[in-house]
There are 2 protein chains.
Amino acid sequence: MTSHAKQGIPAATVARLPLYLRALGTLSDEGVTTVSSEELAAAAGVNSAKLRKDLSQLGSYGTRGVGYDVDYLVYQVSRELGLTQDWPVVIVGLGHLGHALANYGGFASRGFEVRALVDADPDIVGTRVAGLVVSPLDALEEIINAQGVAIAVIATPAMAAQDVCDRLVASGVSSILNFAPSMLVVPEHVEVRKVDLSIELQILAFHEQRKAPLLTPMAQAATS
Amino acid sequence: MTSHAKQGIPAATVARLPLYLRALGTLSDEGVTTVSSEELAAAAGVNSAKLRKDLSQLGSYGTRGVGYDVDYLVYQVSRELGLTQDWPVVIVGLGHLGHALANYGGFASRGFEVRALVDADPDIVGTRVAGLVVSPLDALEEIINAQGVAIAVIATPAMAAQDVCDRLVASGVSSILNFAPSMLVVPEHVEVRKVDLSIELQILAFHEQRKAPLLTPMAQAATS
DNA sequence: AAGCGCTTGTGAACGAGAGCACAAAGTGAG
DNA sequence: CTCACTTTGTGCTCTCGTTCACAAGCGCTT
Ligand SMILES: NC(=O)c1ccc[n+]([C@@H]2O[C@H](COP(=O)([O-])OP(=O)(O)OC[C@H]3O[C@@H](n4cnc5c(N)ncnc54)[C@H](O)[C@@H]3O)[C@@H](O)[C@H]2O)c1
Ligand SMILES: NC(=O)c1ccc[n+]([C@@H]2O[C@H](COP(=O)([O-])OP(=O)(O)OC[C@H]3O[C@@H](n4cnc5c(N)ncnc54)[C@H](O)[C@@H]3O)[C@@H](O)[C@H]2O)c1
């Protein structure tokens, strides 16, 4: 029983590591070699104690009285996130959003490589998007196996999402990023993250509505 | 002192209300008139006790022994989220992502109306996207005031995001949905939500890496 | 080598959220 | 009317996460 505590890094910490990584990358580009938790926390927009606790989960990579070595920390965080290797990614659904994603340069810069594009529409299959030829849906299983894809992006309409998801999982994909507004049901071992525009906007609307009534004269009077 | 508890709805609850609303919409379309917390929770993918607690924050809209009236609950949740009114939205940055967003039908269906598109590139300004003519960046303030925009979407490169954000805030926008991978600094009263592709993928990569070593023969042997 | 100032790493207090379990409140049958 | 059954609304506990505050540790100066 090694009490390394390496076993479980809190989910909240994992979600922030990419944030730190980005801030560190910027600092590194600026030629900064050493950074304190206070500075890095400010750059990432978090509390410095939280940042220190997060980083301490990975090990003791700081130097008291000095701070953290930027490049070394970049390496350690990258390693922890599994970014020292490249991850082949497949995008399913090449409508408006799928096109944008396929053309997005931000993938490759962090170790993700879009290896294949898949769509169900015969008019789209065969066309060239971002340097790749769009494959038919039938080829999905073959592509996943041939390319060793473990991470997939779903950008199909909501109705098709669960179906596509099932096929991805059956083919061995165990991490899915879902843009369709639907609840995906998956086996225990599959990790799904969803990005939902509509939900974000609705949350913003909630806050807007909360603010608006405060400006009315009536509300002012009621507080007296 | 009205003990209405109307004052503070937990953030976690607000984030789930759109989920419930979507599930309720589907049920309503299917002709379902009444739903129990158990059923709705399953449809939304959450624990039923959590759902009941969330809904009880809005008021006592259920009937014991029966459940919730679907249409009535749709109305109450919509009202709470501020979706009974239309929100004019402006999209800044019409590259790949901005085009996809502008063409996305999911906005209007929930009370969000894209009123204006803004870009800095002279080649893009003046073109027609999704039925709207793209306006120049200079017109930003005027558009926001004229259209009464309170919610803005930033889809510019990261470098331009803070600058655009500052101008939006100065013009009176108080809710921002940011797609650029950058930390926006805003005054207290402005609500920012960010959607970050790259972060989501990195979190997936972390989990993939955690899983991978478990499949090696050595790990298998170690468990015996 | 000793002292001083700075920064990390972490114990501990605090707060928010998840989920259990059950009383309260409704429906419908007899 | 009463009883059995269903489902809501909520008190309570437990877990997870955040933040404070400070001892421990490091380097620089004298
Ligand atoms: N466009 C946006 O900005 C945006 C924003 C948020 C969410 N979304 C969501 O993302 C998804 C895609 O949006 P979009 O605007 O690109 O839609 P779209 O209609 O433009 O594209 C959908 C694509 O999926 C393909 N497709 C349909 N069924 C398929 C299947 N079974 N297998 C593979 N491909 C299939 C279609 O041929 C089409 O090319 C939708 O669920 C939408 O709700 C889009
Ligand atoms: N494309 C994607 O799938 C994707 C995914 C995740 C995140 N993002 C992020 O979204 C943003 C946009 O991505 P994209 O692929 O559409 O990039 P893009 O380069 O295709 O588009 C950027 C657009 O913003 C405009 N612009 C630049 N400076 C501006 C300014 N100051 N004011 C107004 N407009 C300005 C440009 O003219 C261009 O049209 C980027 O920050 C990117 O990192 C994109």
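Hydrogens, waters and symmetry mates play no part in the numbers below; they use all other heavy atoms, side chains included. Lettering of chains follows the sequences in order, A, B, ..., and the numbering in each one begins at 1.
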Given atom [atom1] of [X] and atom [atom2] of [N], what is their separation to the nearest angstrom?
X      : N       : atom1 : atom2 : value
K50(B) : dA18(C) : NZ    : C1'   : 6 Å
E38(B) : dA21(C) : CD    : C1'   : 13 Å
N47(B) : dT15(D) : CG    : P     : 16 Å
Y68(A) : dC26(D) : OH    : P     : 14 Å
D54(A) : dT10(C) : CG    : P     : 13 Å
R52(B) : dC22(C) : CZ    : P     : 14 Å
L55(B) : dT10(D) : CG    : C1'   : 14 Å
D69(B) : dT7(D)  : CG    : P     : 16 Å

Quiz item: Counting any heavy atom closer than 4.0 Å, what does S60(B) reach on the DNA or RNA strands: base, sugar-phosphate only, or nothing?
Solution: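 Touches sugar-phosphate only.
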Quiz item: Heavy atoms under 4.0 Å, any strand shown: does A12(B) hit a base, just sugar-phosphate, or nothing?
Solution: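 Counting heavy atoms under 4.0 Å across all strands, the contact made by A12(B) is with sugar-phosphate only.
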Practice problem: Write down the atom of E208(B), the atom of S175(A), and the distance for their closest heavy-atom approach. | Solution: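 Of all heavy-atom pairs spanning E208(B) and S175(A), the closest is OE2-OG, 2.7 Å.
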Exercise. Could you say whether V66(A) or A49(A) is positioned toward the 5' end of DNA chain C, judged by the nucleotide with the nearest heavy atom to each?
Key: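 This one resolves to V66(A).
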[X] and [Y]: side-chain donor and acceptor closer than 3.5 Å?
X       : Y       : result
R110(B) : S198(A) : no
S28(B)  : D71(B)  : yes
T84(B)  : R79(B)  : no

Self-check item: Contacts of Y75(A) that satisfy ring-ring contact (aromatic ring centres under 6.0 Å, His included) - sequence neighbours left out
Solution: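 For Y75(A) there are no ring-ring contact (aromatic ring centres under 6.0 Å, His included) partners, ignoring immediate neighbours.
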Among [options], which nucleotide has an atom closest to any side-chain atom of [X]?
X      : options                   : answer
K53(A) : dG19(C), dT27(C), dA12(C) : dA12(C)
S56(A) : dG9(C), dG9(D), dG17(D)   : dG9(C)
R64(A) : dA24(D), dT18(D), dT10(C) : dA24(D)

Practice problem: Ignoring backbone atoms, establish whether S37(B) has a side-chain N or O less than 4.0 Å from OP1 or OP2 of dT8(D). | Solution: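 For S37(B), the contact criterion (side-chain N or O under 4.0 Å from OP1 or OP2 of dT8(D)) is met.
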